[in-house]
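See below for the structure under consideration.
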Amino acid sequence: MRFATWNVNSLKVRLPQVIQWLADTGVEVLCLQELKMDQDVFPLAEIEAAGYRAAWFGQKTYNGVAILVKAPLEMSEVVAGIPGYDDEQRRVIAATVNGIRVICGYFVNGEAVDSPKYPYKLEWLSRLEGYVAAELARYPDLLLLGDYNIAPEDRDVYDPEGWRGQVLCSEPERDAFRRLIALGLSDSFRLFNQEEKQYSWWDYRQMMFRRNKGVRIDHILVSDALKARAQVCEIDKAPRKWERPSDHTPVILHLND
DNA sequence: ATGGCTGTCCCTGACAGA
């Protein structure tokens with residue numbers, strides 16, 4: 001069974017690519033971020049026609065997350081947002097699939113360490129940590145997938161010195177990532193893959209993808225209880241090569257049954 | 001060099017992304 005995460009940078013624009021990618025891969029569970037569409041215009045009919053069920057949490061213009069599940073798999077216990085955290089920005093949705101708690105997150109970008117958005121990022125990360133801790137206590141088999149907007153280590157960045165201390169790489173953000181890990185989670189990609197220059201996002205500008213100058217900021221964290229079932233975690237660069245791509249590309253985790 | 005792309009809404013230029 002495969003679980004994937006993909007920041008599509010507008011589901012309206014990328015819907016044909018999502019449908020194509022699901023047909024190509026047959027991935028069973030796909031978490032999407034940056035829908036950039038209001039709750040009531042989500043393309044449920046097209047997704048159902050492709051053989052998937054969906055739960056989503058959208059808003060106009062910005063943010064928005066969804067979980068797609070291949071029928072006849074079902075989703076239960078859907079929770080939108082972080083309970084108890086009154087956040088106008090719709091960034092989190094969770095559901096249970098085949099006994100596994102799936103949390104899909106579009107983490108705050110933060111813009112820059114001296115931006116007003118940066119303290120919001122740290123506050124949001126703290127709220128998420130509390131939420132994930134509570135979810136882990138209730139659901140030992142758990143995955144936290146999404147666009148983290150955090151490059152955990154220098155090796156996750158094409159130019160570590162140039163990025164040092166910058167947003168995505170600053171120590172408070174990396175500390176927050178490590179606190180998530182300390183809850184009893186592992187970065188599934190690093191369970192298997194130690195190769196250099198593996199990224200999940202490349203800037204649209206300056207041919208950064210062709211030059212492979214990117215950052216690894218899309219992650220799938222797997223709980224300790226579930227870790228033994230993890231087989232491989234891979235970054236699928238194919239959709240990044242398609243016409244009019246998202247700036248992110250999917251990350252896939254394979255679990256055995 | 002605060003540029004360089006892309007998407008959204010609609011003040012078609014400003015904002016946000018990362």
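The sequence lines fix the lettering, A, B, ..., with proteins before strands; numbering per chain opens at 1.
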* Structure fact -> Of B:dG7, B:dG17, B:dA18, the nucleotide closest to the side chain of A:K117 is B:dG17

* Asked: Would you say B:dG17 has OP1 or OP2 under 4.0 Å from some side-chain N or O of A:H248?
  -> no

* Determine the contact category for A:E111: base if any of its heavy atoms lies under 4.0 Å from a base atom, sugar-phosphate if only primed atoms, P, OP1 or OP2 are that close, otherwise nothing. => nothing

* Pick base, sugar-phosphate or nothing for A:N149, based on heavy-atom distances below 4.0 Å to the nucleic acid. => sugar-phosphate

* Respond yes when some side-chain nitrogen or oxygen of A:R14 is under 4.0 Å from OP1 or OP2 of B:dT6, and no when none is. => no

* Asked: Going from CD on A:Q20 to CH2 on A:W242, what distance comes out if it is rounded to the nearest 0.5 angstrom?
  -> 5.5 Å

* side-chain N/O A:S246 vs B:dT6 OP1/OP2, d < 4.0 Å -> no

* Asked: Passes side chain to side chain donor-acceptor pair (under 3.5 Å), A:N63 versus A:R91? Steps please.
  -> CA-CA 6 Å; A:N63 308 309; A:R91 297 179 172 278; 3.3 Å; yes

* A:N109 and A:K121: side-chain donor and acceptor closer than 3.5 Å? -> no

* Asked: Think A:K12 has a side-chain N or O under 4.0 angstrom from the OP1 or OP2 of B:dG7?
  -> no

* OP1 or OP2 of B:dG17 less than 4.0 angstrom from a side-chain nitrogen or oxygen of A:K36, does that happen here? -> no

* To do: Pick base, sugar-phosphate or nothing for A:N7, based on heavy-atom distances below 4.0 Å to the nucleic acid.
  => sugar-phosphate

* Closest-nucleotide ordering on DNA chain B, the 5'-leading residue of A:V167 and A:S10 -> A:S10

* Selection from B:dA16, B:dT8, B:dA18 that lies nearest to any side-chain heavy atom of A:Y62 -> B:dA16

* Give one of base, sugar-phosphate or nothing for A:Y106, where a contact means two heavy atoms less than 4.0 Å apart. => sugar-phosphate

* Quick one: is B:dA18 close enough that its OP1 or OP2 comes under 4.0 Å of any side-chain N or O from A:N109? -> yes

* Classify the nucleic acid contact of A:D147 as base, sugar-phosphate or nothing, counting any heavy atom under 4.0 Å across all strands shown. => sugar-phosphate

* Asked: Of the nucleotides B:dT8, B:dG7, B:dA18, which one has an atom closest to the side chain of A:W201?
  -> B:dA18

* Only counting residues at least two apart or in another chain, list the ones meeting side-chain hydrogen bond (donor to acceptor under 3.5 Å, both in side chains) with A:T61. => none

* What do you reckon, is CZ of A:R210 surrounded by more than 12 foreign heavy atoms closer than 6.0 Å? -> no

